[in-house]
Amino acid sequence: MAETVALTVRIRRFNPEVRPDPWWDEFELEMEPFDRLLDALHEVKWRHDGTLALRRSCAHGICGSDAMVINGKNDLACKVLVKDVAPKVTVEPIRGLRVLKDLIVDMDTFFEGYKRMLPYLINDEETSERERLQSPEERERFDDTTKCILCAACTTSCPIFWGDEGYVGPAAIVNAHRFIFDSRDRGGRKRLEILGEKPGVFRCRTTFNCTEACPRGIKVTKAIQEVKRAIMFDHLG
Amino acid sequence: MTTTHVYDAVIVGAGGAGLRAALEASGEVSTAVISKLYPTRSHTGTAQGGVCAALGNVEEDSPEWHAFDTVKGGDYLVDQPAADIMCREAIDRIIELEHWGFPFNRTPDGKIDQRRFGGHTRNHGEAAVRRACYAADRTGHMILQTLYQQCIKQDVRFFNEFYVIDLLLVDGSTAGVVAYELATGEIHVFRAKSVLFATGGYGKIFKITSNAHTLTGDGMSVCYRRGIPLEDMEFFQFHPTGIYKMGILISEAVRGEGGILLNGEGERFMERYAPTIKDLAPRDMVSRAIYQEIKEGRGVDGKDYVYLDVRHLDPEVIEKKIPDVTEFARIYLGVEPTTDPVPTQPTAHYGMGGIPTDADGRVVVGEGEDVVPGLYAAGECACVSVHGANRLGTNSLLDIVVFGRRGGLDMARYAKEADLPELPRDAEGDAVAGLRGLLEASGGDSIADIRDELQEQMFDLAAVVRVEEGLRKMQELLGGLRERYGRAVVQDKGSVYNTDLMEAWELGALLDCADTLVAAALARDESRGGHYREDHPLRDDDHWLRHSLAWREPDSGVRLEYKPVKMGAYVPMERKY
């Protein structure tokens with residue numbers, strides 16, 4: 001048994017069936033240093049208070065379920081280790097989306113923004129029985145933005161998104177970027193038109209919150225800047 | 001309150017198999033996809049290393065070689081006609097993914113790049129072959145994203161965060177499913193002509209697993225409770241390289257790119273176990289080799305783990321081809337793989353068994369393989385059987401796109417021909433009573449305590465190595481766990497996002513899966529693929545070249561039946577690599 005560390009977990013709670021306003025709960029835990037914060041939240045749910053509600057699945061940063069505000073910063077609970085937050089950690093639901101219960105928020109607006117980007121390859125040219133060719137350099141061009149797991153950590157860290165529900169937000173733009181800069185795609189113009197409109201990419205004020213928040217290390221702000229430049233200079237090639 | 005919906009086709013689960021099926025069905029008939037997660041949260045997304053197809057882009061290859069490897073890798077329990085179909089159709093499915101925008105890594109001349117993977121060989125075992133198509137080490141993520149993108153394009157109808165908790169059968173034909181809506185606690189009855197289960201695996205019966213918290217065997221259990229047998233449940237794959245203690249997967253692609261396994265003495269021990277392909281032997285063999293090394297005192301520091309070593313690899317290869325798994329080692333172990341070896345141990349990874357189907361995804365029951373009209377399954381929850389006693393790496397991603405598509409096509413065909421069946425009387429009655437039972441129990445243990453004990457004991461007694469005595473003990477323990485489950489307490493009594501209640505329901509599904517696994521493992525007194533009996537270490541084709549079928553008895557007992565393996569070109573041989 002590895003040595004344990006004391007961890008106080010302070011959680012912002014909300015349950016519309018219990019009371020109309022949010023409240024705070026604190027739990028005192030003993031955890032192992034390399035446990036994930038997600039393990040600590042499970043410890044709360046499984047040993048202290050079964051009513052705690054959160055989303056989680058893969059528990060290693062791929063499924064994108066457990067984005068939350070951890071000590072004031074957006075991150076995935078399964079990618080933050082106890083040793084890095086002990087002795088005390090504060091956990092809140094991500095901001096800018098309606099809280100439904102405890103750490104669970106309404107993701108529908110987030111996914112609607114994503115869908116507005118036409119997030120699928122657009123190319124009506126006839127295909128052969130074999131793959132389209134794409135050079136490693138062309139493939140590399142959009143590699144970074146293929147990593148997005150739609151966890152909403154970036155979008156819900158964006159002050160513009162908090163203030164304006166109409167703004168599509170960083171994650172949607174990242175996913176537009178993924179196709180706009182894919183040499184096989186032919187829908188770039190259409191997407192850039194959408195992004196050039198009022199709720200689009202020019203709402204971004206380059207605060208870099210999104211890049212800091214991305215648990216996948218995507219250079220989100222850079223992707224947004226590239227999309228802005230593509231609209232201004234129309235250099236899709 | 002109950003809401004009733006009517007669709008031609010209902011797909012349960014939104015991982016790769018479910019989404020691939022939806023792309024076929026939704027274009028033909030009215031289709032709903034019901035998933036307990038948002039679609040992009042499914043576990044398909046965590047598959048890392050690749051998806052195999054004999055494209056021959058970087059060296060000579062053929063679908064026939066791929067089929068041979070699949071059959072041999074499965075220790076000859078594979079239904080060979082189904083494996084032939086899978087390996088032949090692999091090429092079209094990969095090209096189709098490319099046409100849908102899948103961002104494959106590319107060769108210098110722009111083709112889909114391919115790399116080596118465990119058990120995939122040139123010309124029937126001569127040497128490792130480059131067959132796995134990939135996108136760095138996030139191939140599953142890109143498959144899930146690509147399929148979901150196509151579903152958005154096709155405007156597929158999703159019911160997210162709905163748990164399917166019952167299957168409706170009328171006179172042996174499919175009539176629909178019952179679902180619990182997590183957000184509201186409401187019950188929904190989905191009346192449908194055809195239903196396809198694509199609910200994934202059940203790795204959460206084990207303590208150390210690569211599987212998501214949500215992989216609890218739901219669809220398998222729902223079918224099992226309605227009289228559908230489960231096939232080949234004794235065959236569970238342990239992936240050799242899980243992150244020590246946590247079980248998080250470190251892809252076989254790491255060894256495909258040149259990584260090696262070292263024991264506590266710094267020896268590359270796989271050279272002794274598989275002289276030809278060494279560290280790229282199939283997973284069951286590597287996991288057993290690790291077990292053997294640890295048992296003989298050659299684990300690292302005498303403990304229960306070995307090292308995965310990539311220090312000799314070109315840093316550029318690590319950065320470009322296996323970046324995510326390198327990151328996992330850094331985050332979760334605090335180990336820098338470019339300078340230090342990574343502690344790994346076998347981790348419960350994949351259930352070869354499941355709901356028995358034919359190659360069109362139709363559920364077939366009994367020795368006579370009678371079709372259950374309108375009922376389908378695909379992906380890990382199904383058993384076609386293309387993986388036999390041990391699945392080869394990359395073949396699960398292939399399975400979901402090949403058989404997800406075939407199931408989707410056939411369920412649409414069936415729905416067009418069939419009449420909409422009447423619902424049974426009080427269609428949701430059993431489901432509601434089951435949930436009420438869970439909510440009203442009092443005085444018992446917590447769900448978490450019972451689940452912990454199940455996972456720990458299964459990992460000790462029914463994992464990589466099994467013996468009769470241990471399996472008998474596990475069977476007894478399961479009886480006790482089930483009895484405690486009947487009294488277990490759900491703390492949350494509410495209707496809004498009651499994940500406490502759903503975890504309790506999921507534990508019931510895990511217990512069903514564990515029951516069938518242990519019963520079938522106890523009966524099979526031979527060793528084959530992922531099922532290794534230390535007290536019966538040899539394969540016994542005379543008695544055991546057959547599939548098990550586990551039927552549920554009224555008192556939660558298990559009755560076993562067997563059906564023959566569908567043979568083909570490949571005659572069982574000793575399995576050496």
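Chain A is the first sequence line, chain B the second, and so forth, proteins listed ahead of strands; every chain is numbered from 1. Because the structure is a prediction, the values reported are computed rather than measured.
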Please rank [options] by heavy-atom pairs under 4.5 Å with chain A and give me the top one.
options: B:K111, B:M142, B:E503; result: B:E503
options: B:G494, B:A212, B:P103; result: B:P103
options: B:H99, B:R451, B:K153; result: B:H99
options: B:T146, B:I94, B:N160, B:D324; result: B:D324
options: B:E96, B:H43, B:K493, B:H141; result: B:H141
options: B:L333, B:N211, B:T44; result: B:L333

So that I can tick it off, tell me whether [Y] and [X] are bridged by a salt bridge, with the cut-off set at under 4.0 angstrom between side-chain N and carboxylate O.
X: A:E140; Y: B:K320; answer: yes
X: B:R41; Y: A:D66; answer: no
X: B:D452; Y: A:R47; answer: yes
X: A:K101; Y: B:D492; answer: yes
X: A:K147; Y: B:E327; answer: no

Nearest heavy-atom neighbours spanning B:V496 and A:L100: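 Distance-wise, the nearest heavy atoms are CG1-O, 4.1 Å.
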For the student: nearest non-hydrogen atoms of A:E131 and B:N57, plus distance: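 What the structure gives for the nearest pair is OE2-ND2, 2.8 Å.
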So for [X], is it side chain, backbone, both, or neither that comes closer than 4.5 Å to the heavy atoms of chain A?
X: B:D113; value: neither
X: B:L37; value: side chain
X: B:Y148; value: side chain
X: B:I331; value: both
X: B:I91; value: side chain

Whether B:Y38 and A:F111 hold their rings parallel, tilted or perpendicular, with breakpoints at 30° and 60°: parallel
Backbone N or O of [Y] within a donor-acceptor pair of the [X] side chain at under 3.5 Å?
X: B:Q150; Y: A:Y120; answer: no
X: B:Q145; Y: A:T146; answer: no
X: B:Q491; Y: A:G50; answer: yes
X: A:R130; Y: B:I95; answer: no

side-chain contact (heavy atoms from CB on, under 4.5 Å) between A:W46 and B:D449, intermediate numbers included: CA-CA 8 Å; A:W46 295 341; B:D449 285 343; over 6 Å; no
Heavy-atom count around [X] [atom1] within 6.0 Å, excluding the residue itself: above 12?
X: B:D109; atom1: CG; answer: yes
X: A:K219; atom1: NZ; answer: no
X: A:K83; atom1: NZ; answer: yes
X: A:E129; atom1: CD; answer: no

Derivation of the side-chain contact (heavy atoms from CB on, under 4.5 Å) call for A:R216 and B:R138: CA-CA 12 Å; A:R216 302 284 292 138; B:R138 46 179 189 278; 3.8 Å; yes
Let me check something: any side-chain donor-acceptor pairs from residues 173-184 of chain A under 3.5 Å, sequence neighbours excluded? List them with distances.
unit_1	atom_1	unit_2	atom_2	d
A:N175	ND2	A:A171	O	2.9
A:H177	ND1	A:T145	OG1	2.9
A:H177	NE2	A:E226	OE1	2.6
A:R178	NH1	A:D182	OD2	3.1
A:R178	NH2	B:G101	O	2.7
A:D182	OD1	A:Q134	NE2	3.0
A:D182	OD1	A:R184	N	3.0
A:D182	OD1	A:R184	NE	3.1
A:D182	OD2	A:R184	NE	3.4
A:D182	OD2	A:R184	NH2	2.9
A:S183	OG	A:Q134	NE2	2.9
A:R184	NH1	B:E98	O	3.4
A:R184	NH1	B:E98	OE2	2.8
A:R184	NH1	B:F102	O	3.0
A:R184	NH2	B:G101	O	2.7
A:R184	NH2	B:F102	O	3.4

Looking only at heavy atoms and a cut-off of under 4.5 Å, which of [options] has the most pairs with chain B?
options: A:D49, A:D185, A:N123, A:L52; result: A:D49
options: A:C63, A:A59, A:C58; result: A:C63
options: A:A53, A:S135, A:S65; result: A:S65

Separation between CZ of A:R56 and OG1 of B:T499, rounded to the nearest 0.5 Å: 7.0 Å
Rounded distance (nearest 0.5 Å) linking atom CG of B:L144 with atom CD1 of A:I62: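 Answer for the CG-CD1 pair, B:L144 versus A:I62, is 11.5 Å.
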Chain B contact via A:K79 - side chain, backbone, both or neither, heavy atoms under 4.5 Å: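 Both parts, backbone and side chain.
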Segment of A:L150 engaging chain B (4.5 angstrom heavy-atom cut-off): both
A:H60-B:F328 aromatic ring centre distance below 6.0 Å: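 For A:H60 and B:F328, the ring centres are under 6.0 Å apart.
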Derivation of the side-chain contact (heavy atoms from CB on, under 4.5 Å) call for B:F104 and A:R139: CA-CA 8 Å; B:F104 287 107; A:R139 165 67 181 75; 5.8 Å; no
Chain B-proximal positions within residues 19-31 of chain A [heavy-atom distance under 4.5 Å]: none
Close side-chain approach of B:M246 to A:F34, heavy-atom, < 4.5 Å: no
Within-4.5 Å side-chain heavy-atom neighbours: B:R106 and A:E137: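 Of all side-chain heavy-atom pairs linking A:E137 with B:R106, none is under 4.5 Å.
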Partners passing side chain to side chain donor-acceptor pair (under 3.5 Å) against B:T40 (at least two apart in sequence or in another chain): none
Contacts of B:E161 that satisfy side chain to side chain donor-acceptor pair (under 3.5 Å) - sequence neighbours left out: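 Listed in chain order: A:R55, B:Y497.
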